[in-house]
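Notes follow the structure.
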Protein chains: 2
Amino acid sequence: MVTIRDVAKKSGVSVATVSRVLNETGYVHEDTRKKVMAAVEELKYSPNEVARSLFKKKSKLIGLLLPDITNPFFPQLARGVEDEMQREGYRLLFGNSDENAEKEMDYLNTFIQNNVVGIISATNNKTKTNYKDLSIPVVFLDRTSNDYPSVYADGKEGGRIAADEILKRGSKRITLLKGPAHIQPAQDRFQGALEVLSQSSVDFHVMTTTSFAFEDAEKWAKELFATYPDTDGVLASNDIVATAVLHEALRLGKSIPEDLQIIGFDDIPQSSLLFPPLSTIRQPAYEMGKEAAQLLVKIMNKEKIEQQHIQMPVTFIDRNTTRKVDTNG
Amino acid sequence: MVTIRDVAKKSGVSVATVSRVLNETGYVHEDTRKKVMAAVEELKYSPNEVARSLFKKKSKLIGLLLPDITNPFFPQLARGVEDEMQREGYRLLFGNSDENAEKEMDYLNTFIQNNVVGIISATNNKTKTNYKDLSIPVVFLDRTSNDYPSVYADGKEGGRIAADEILKRGSKRITLLKGPAHIQPAQDRFQGALEVLSQSSVDFHVMTTTSFAFEDAEKWAKELFATYPDTDGVLASNDIVATAVLHEALRLGKSIPEDLQIIGFDDIPQSSLLFPPLSTIRQPAYEMGKEAAQLLVKIMNKEKIEQQHIQMPVTFIDRNTTRKVDTNG
DNA sequence: TTGTACGCGTTATCAC
DNA sequence: GTGATAACGCGTACAA
């Protein structure tokens with residue numbers, strides 16, 4: 001390993017001078033600057049971030065905590081965060097919590113131990129105390145928090161839109177799928193849809209699901225049609241579940257969207273590649289990740305923050321699991 | 001921040017002793033051990049990994065470099081790596097290269113600067129020199145290398161199997177989709193399929209695609225049927241492309257698998273949720289990630305390695321985009 | 001404009 | 001058994 005001392009020796013100056021040219025701090029003669037740079041080149045010196053981090057008590061590391069990167073919604077988020085952080089010169093320390101408080105704590109601890117200068121968390125954190133005594137900025141992503149800045153999509157509005165759209169398109173016996181209780185965004189969209197549905201005059205059922213896992217989704221789908229065979233509209237808790245419902249409906253020989261309309265939530269990339277392509281409520285995942293990163297960077301730079309909570313807009317993506325709206329009525 | 005010095009003061013011993021009880025190195029009286037532990041508890045002390053890393057010249061950090069986490073194949077890999085590394089007490093420094101040599105180099109550098117003790121790379125690395133002067137162990141994942149240990153699926157065999165199966169099931173005019181030239185695994189599976197097809201007596205075309213992006217996939221699919229409208233069997237370069245082909249075929253009113261058989265590659269999670277569910281060649285992504293992590297850990301521990309190159313088995317997943325095999329013929 | 005010397009928090013080596 | 005203390009590589013007062 002080549003250290004700043006080696007560079008100093010090679011260029012015949014002191015380590016202080018080398019440090020000065022590298023960090024562009026303080027005056028340094030052009031000639032010596034060149035000498036130093038030459039030595040740096042020759043030795044292929046690159047500063048030890050660990051030593052730097054120890055001295056300055058701050059690194060160029062950001063902690064990113066996700067529930068599960070295997071859920072297709074999150075890679076987009078992660079990518080948004082990464083691209084922005086990379087632009088700003090930060091690197092990511094990354095972990096999946098599986099919505100498990102212990103894992104969450106564990107990662108948080110190691111983040112701190114590694115001197116990260118900020119954390120972006122998309123985990124559930126019922127026990128809010130987790131984050132209380134962190135002395136570094138935290139931004140929550142895909143979830144709300146009163147105590148911390150956050151970036152999230154307007155789930156409640158998304159739920160309302162979904163319900164509106166399916167009603168407008170004529171479904172009369174709707175099944176509303178309620179996502180896992182401990183996942184806040186799932187509850188928001190459920191509440192929004194429930195609000196609209198309960199003020200309407202159509203029949204509807206609520207069915208509760210307890211996970212977003214691929215493996216479970218098909219189970220719920222079967223159960224749905226077994227329990228409510230005459231359902232003609234499904235508001236799914238996310239696109240995974242919607243996909244399973246679609247799949248099962250086709251298997252049962254239903255025509256989509258004639259016999260049954262389906263609206264998902266998230267607009268994960270593969271939703272547009274389904275057959276028929278899935279109508280859904282889009283969350284701008286990549287942009288959310290980016291926003292969260294930008295917000296965190298601003299906070300770390302102690303810039304003025306206009307808004308602590310950034311609510312991202314949600315839009316209805318009208319594909320082929322919903323009918324064309326009847327403009328005559 | 002509470003340091004080892006604070007603990008020492010509080011428990012009335014020296015920092016050396018505190019270090020000894022924490023690291024369980026050297027003798028220390030049970031009574032003092034208890035005193036120290038009490039102080040640790042009370043102060044909620046947890047050691048600074050950065051200082052530790054500086055002194056020992058090794059951290060508990062692993063660098064993980066992926067092409068693009070947004071491609072559904074990679075989250076599985078990443079999760080396999082993470083779960084195993086987490087078990088072993090390592091954390092992940094994570095980056096996407098986008099198959100871009102500059103980004104790759106950049107991440108590699110920052111990995112080194114942060115004292116990572118090992119690297120798992122799933123990137124393309126045409127310029128092999130990149131990794132040459134790294135003084136830490138590297139394991140390649142989802143790609144082969146003569147110079148470094150690696151974990152990868154048997155792509156060539158996968159290609160052969162796919163071709164065999166589609167032939168066995170009676171396709172006569174096959175289109176073989178060739179993946180991006182710079183992605184090694186894509187070429188392997190292509191070669192395998194080509195080998196079998198060229199020894200058979202059926203007609204086949206080769207069509208080259210240049211990316212695995214969702215957005216491009218639909219374009220290739222349209223082009224495929226425009227150019228070869230009478231194709232009755234498609235060997236896709238991966239499941240994304242296969243999905244797009246399936247989608248387009250259904251749009252064109254083809255019956256699957258009667259008019260057209262399709263076999264994908266990878267078995268990404270959503271392939272089973274398509275309609276009809278996609279027949280494909282499965283790569284055990286999660287297990288590959290795990291294997292790579294285990295291999296790297298062994299190398300870091302200087303354990304004896306039986307094999308530097310771990311080739312994972314590939315299997316045909318017989319779902320509904322292929323016909324049932326005719327056992328009479 | 002440049003160099004000396006100290007400290008960041010930890011571990012390991014040596015005395016005691 | 002325990003305590004000083006030197007080192008890890010870097011950045012910054014302060015002195016020159």
Side-chain angles (χ1 to χ4, degrees), chain A residues 1-37 39-40 43-61 89 109-117 135-136, chain B residues 1-37 39-40 43-61 89 109-117 135-136:
Chain A
M1 162 176 281
V2 31
T3 79
I4 197 172
R5 228 172 294 270
D6 300 322
V7 177
K9 193 169 296 176
K10 176 135 225 147
S11 43
V13 298
S14 75
V15 294
T17 303
V18 176
S19 175
R20 272 189 285 261
V21 342
L22 258 29
N23 297 289
E24 300 183 356
T25 160
Y27 296 98
V28 47
H29 194 89
E30 180 58 21
D31 293 352
T32 62
R33 203 189 66 78
K34 278 184 179 156
K35 264 193 305 191
V36 170
M37 289 312 286
V40 167
L43 265 33
K44 292 200 211 307
Y45 168 75
S46 92
N48 181 324
E49 277 299 328
V50 176
R52 187 176 267 179
S53 170
L54 178 61
F55 177 81
K56 302 178 60 161
K57 296 186 177 199
K58 49 168 62 178
S59 68
K60 297 298 276 179
L61 264 25
N109 281 338
T110 61
F111 286 170
I112 297 298
Q113 288 176 355
N114 283 284
N115 254 355
V116 302
V117 285
S135 53
I136 55 169
Chain B
M1 161 176 279
V2 30
T3 78
I4 197 172
R5 229 171 292 273
D6 300 323
V7 177
K9 193 170 299 177
K10 176 134 223 146
S11 44
V13 298
S14 76
V15 294
T17 302
V18 176
S19 177
R20 270 190 286 259
V21 343
L22 259 29
N23 297 290
E24 299 182 356
T25 158
Y27 296 97
V28 47
H29 195 90
E30 180 58 19
D31 292 353
T32 63
R33 204 189 64 81
K34 277 184 178 154
K35 264 193 304 187
V36 169
M37 290 311 285
V40 166
L43 265 32
K44 292 198 209 310
Y45 167 77
S46 93
N48 181 325
E49 277 299 329
V50 176
R52 188 176 267 179
S53 170
L54 177 62
F55 179 84
K56 302 179 62 159
K57 297 186 179 199
K58 47 169 61 178
S59 66
K60 297 298 274 180
L61 263 26
N109 281 336
T110 60
F111 286 170
I112 297 298
Q113 288 176 358
N114 282 284
N115 256 355
V116 302
V117 285
S135 53
I136 54 169

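To find a chain, count down the sequence lines: A is the first, B the second, and so on, and within it residues start at 1.
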Without decimals, in angstroms, what is the distance between [X] [atom1] and [N] [atom2]?
X	N	atom1	atom2	result
B/Met1	C/dG7	CE	P	18 Å
B/Lys56	D/dG9	NZ	C1'	17 Å
B/Arg5	C/dC8	CZ	P	7 Å
A/Asn114	C/dT10	CG	C1'	14 Å
B/Lys60	C/dT11	NZ	P	13 Å
A/Asn115	D/dC10	CG	C1'	14 Å
B/Lys58	C/dT11	NZ	C1'	14 Å
A/Arg52	C/dG9	CZ	P	18 Å

Around atom CD of B/Glu30, are there more than 12 heavy atoms of other residues, nucleotides or ligands at under 6.0 Å? yes
Within a strict 4.5 Å, meaning less than it, do heavy atoms of the [X] and [Y] side chains meet?
X	Y	result
B/Lys44	B/Val2	no
A/Ile136	A/Phe111	no
A/Arg20	A/Thr32	no

Closest-nucleotide mapping onto DNA chain D: is B/Lys57 or B/Arg20 further toward the 5' terminus? I mean the 5' end. B/Arg20
By nearest-nucleotide position on DNA chain D, the 5'-leaning member of B/Phe55 and B/Gly12 is B/Gly12
Looking at [atom1] of [X] and [atom2] of [Y], how far apart are the two atoms once the value is rounded to the nearest 0.5 Å?
X	Y	atom1	atom2	answer
A/Met1	B/Ile112	CE	CD1	8.5 Å
A/Lys60	B/Thr110	NZ	OG1	12.0 Å
B/Asn114	A/Ser53	CG	OG	8.0 Å
A/Glu49	A/Leu61	CD	CG	8.5 Å

Quick note, side chain to side chain donor-acceptor pair (under 3.5 Å) partners involving residues 2-16 of chain B, not counting sequence neighbours, are B/Ser14-B/Thr17
Closest approach to the side chain of A/Ala51, judged atom by atom: which nucleotide of C/dT10, D/dG3, D/dC10 is it? D/dC10
A/Ser14 side chain, from C-beta outward: closest of C/dT10, D/dG9, C/dT4: C/dT4
At a heavy-atom distance below 4.0 Å, what parts of residues 21-37 of chain A sit against DNA chain D? A/Asn23
So what is the end-to-end bend of the helix from C/dT1-D/dA16 to C/dC16-D/dG1, with 5 pairs used at each end and the value given to 10 degrees? 50°
A/Ser59 side-chain N/O to A/Asn115 backbone N/O, donor-acceptor pair under 3.5 Å: yes
With heavy atoms under 4.0 Å as the rule, sort B/Val13 into base, sugar-phosphate or nothing. sugar-phosphate
Sugar-phosphate only, base, or nothing, as touched by A/Thr3 at under 4.0 Å among non-hydrogen atoms: sugar-phosphate
Is B/Thr17 close enough to D/dG3 that one of its side-chain N or O atoms is under 4.0 Å from OP1 or OP2 there? yes
